[in-house]
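Structure, as structure tokens:
Note on naming: letters A, B, ... go to the chains in the order of the sequence lines (proteins, then strands), and numbering restarts at 1 for each one.
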Amino acid sequence: MTPRRYADPYVAGTGLGLVLLASFVLAGRGLGASGAFTTVAAKVIDAPSLHRSEWLLLEIGGVIIGGFVSALLAGRVHWKVERPSRMSLAFAGGGVMGLGAVLARGCTSGLALTGGALLSVGGWVFMIAAFAGAYMLAPVVRRSWQ
Amino acid sequence: MTALLIGIAFGFALERAGLGDSRKLAGQFYFTDLTVFKVMFTAIVTAMLGVFWLARLGVVDLANISVPETYLLPQLLGGLIFGAGFVAAGLCPGTSCVSAATGRADGLAVVLGMFTGVLLCGAADLGGAALYSATPRGSETLPQLLHVPYGVVVFAVVAMALTMFMLAERIRTAS
């Protein structure tokens, strides 16, 4: 099966916004992702400062299911390995993001999307800083993307 | 149960947008693919307008929706660090889960790296550091900070997003 094309970004973005809105109305809170990682980490080691949220753990379980089902329906589930340099940077970048997310108390989902829509000061500070940090390092890792 | 269903819809929307593909996300930072910006800001504007109007019509009470806590310095520094990791990884925490779920090994590497980073922060007790709790502002919002009515900030964000969407479309036609 030939993979179907991705949805229009404005259509997908509206869908994502309605999911976020549903979360505000039904759960009284926004979306999240890094909080699920800290919750699992807190189960592995005794770290009192790591944020714990069973709600986020369940939500991320849903993200994995939803992402898989969407890709399956569109013929986009394939095992794909990148070259070693890209895989190493993926792992290292993930580690650096872990540090940033713990320090900031959230990530693109919990701070930028959720805080952005609720006009949270910290959400907007984080979002602008994250874009700035990414644009600053982008030239350094450019070759890894070619 | 709500958490699981909302998560499924969240993951579905991210995958539909193509945000399980690290090259697509990285393109944002080389101006070759602005999907990240377009999806993110369309979502923010949609949810922001939804909350604003539902509250104004009395359907929802803003007091029942928790606003993320602000800690200025940790979020400024954390954001810069996070962004650097983001462009190296090509995925953020949520999209790395989607990427891994669709069979992409680099997505799985980001998930494992992220988990390792979080574990190390926990082991090093980053949460106990003075920096972590510096400059707390509670659940402060932009209207409160700027002493401007809620609706005015909402209008300004919509105007800014629409302007940037127009610029984004011009960049696409230029390349």
Which region of Val67(B), side chain (C-beta onward) or backbone (N, CA, C, O), has a non-hydrogen atom less than 4.5 Å from a non-hydrogen atom of chain A, or is it both or neither? both
Counting only N and O atoms by type, is there a donor-acceptor contact under 3.5 Å from the side chain of Tyr71(B) to the main-chain atoms of Tyr132(B)? no
Taking Gly116(A), Cys107(A), Ala117(A), Gly15(A) one by one, which has the highest count of heavy-atom pairs under 4.5 Å against chain B? Ala117(A)
Of the backbone (N, CA, C, O) and the side chain (C-beta and beyond), which part of Asn64(B) lies under 4.5 Å from a heavy atom of chain A, both, or neither? backbone
Main-chain N/O of Thr14(A) paired to Thr42(B) side chain as donor or acceptor, under 3.5 Å: no
Pick from Pro143(B), Ser22(B), Gly103(B), Cys97(B) with the largest number of heavy-atom pairs that fall under 4.5 Å of chain A: Gly103(B)
Interface moiety of Gln28(B) toward chain A, non-hydrogen atoms closer than 4.5 Å: both
Counting heavy atoms not belonging to Met164(B), are there more than 12 under 6.0 Å from its CE? no
Counting heavy-atom pairs under 4.5 Å to chain A, which of Val59(B), Leu14(B), Val51(B) comes out on top? Val51(B)
Using heavy-atom distances under 4.5 Å, tell me whether Leu54(B) contacts chain A through its side chain, its backbone, both, or neither. side chain
Quick check for you: among Gly95(A), Pro48(A), Gly30(A), which has the greatest number of heavy-atom pairs under 4.5 Å with chain B? Gly95(A)
Under a 3.5 Å cutoff, is there a donor and acceptor pairing between the side chains of Ser70(A) and Arg16(B)? yes
When heavy-atom pairs shorter than 4.5 Å are enumerated against chain B, which of Ser120(A), Ser23(A), Ala47(A), Ser144(A) gives the highest number? Ser120(A)
Test side chain to side chain contact (heavy atoms under 4.5 Å, CB included) applied to Phe82(B) and Val96(A), Leu99(A), Thr108(A), the passing residue: Thr108(A)
Say you draw a straight line from OG1 of Thr95(B) to NZ of Lys24(B); how long is it, rounded to the nearest 0.5 Å? 13.0 Å
Among Glu15(B), Arg23(B), Met48(B), Glu140(B), the residue with the most heavy-atom pairs under 4.5 Å to chain A is Glu15(B)
Quick one: which of Trp145(A), Phe68(A), Trp124(A) has the most heavy-atom pairs under 4.5 Å with chain B, could you say? Trp145(A)
If we define contacts as heavy-atom pairs under 4.5 Å, which of Gly117(B), Ala105(B), Gly128(B) has the most with chain A? Ala105(B)
What residue, out of Ala90(A), Ser49(A), Ala12(A), Gly93(A), has the most heavy-atom pairs lying under 4.5 Å from chain B? Ala90(A)
Hey, could you give me the CZ/CG distance between Phe131(A) and Leu80(B), rounded to the nearest 0.5 Å? 13.0 Å
Given a strict heavy-atom distance threshold of 4.5 Å, which part of Phe165(B) is in contact with chain A: side chain, backbone, both, or neither? both
Give the member of Gly27(B), Gly127(B), Ala13(B), Gly18(B) that has the highest number of heavy-atom pairs under 4.5 Å with chain A. Gly18(B)
Do the charged groups of Glu54(A) and Arg52(A) touch, with an N to O distance under 4.0 Å? no
Arg5(A) atom CZ: more than 12 heavy-atom contacts under 6.0 Å: no
Indicate yes or no for a side-chain donor-acceptor contact from Thr135(B) to the backbone of Leu73(B) under 3.5 Å, with no hydrogens or angles considered. yes
Counting heavy-atom pairs under 4.5 Å with chain A, the top scorer among Thr2(B), Leu4(B), Asp125(B) is Leu4(B)
Tell me which of these, Leu20(A), Asp46(A), Leu58(A), has more heavy-atom pairs under 4.5 Å with chain B than the rest. Leu58(A)
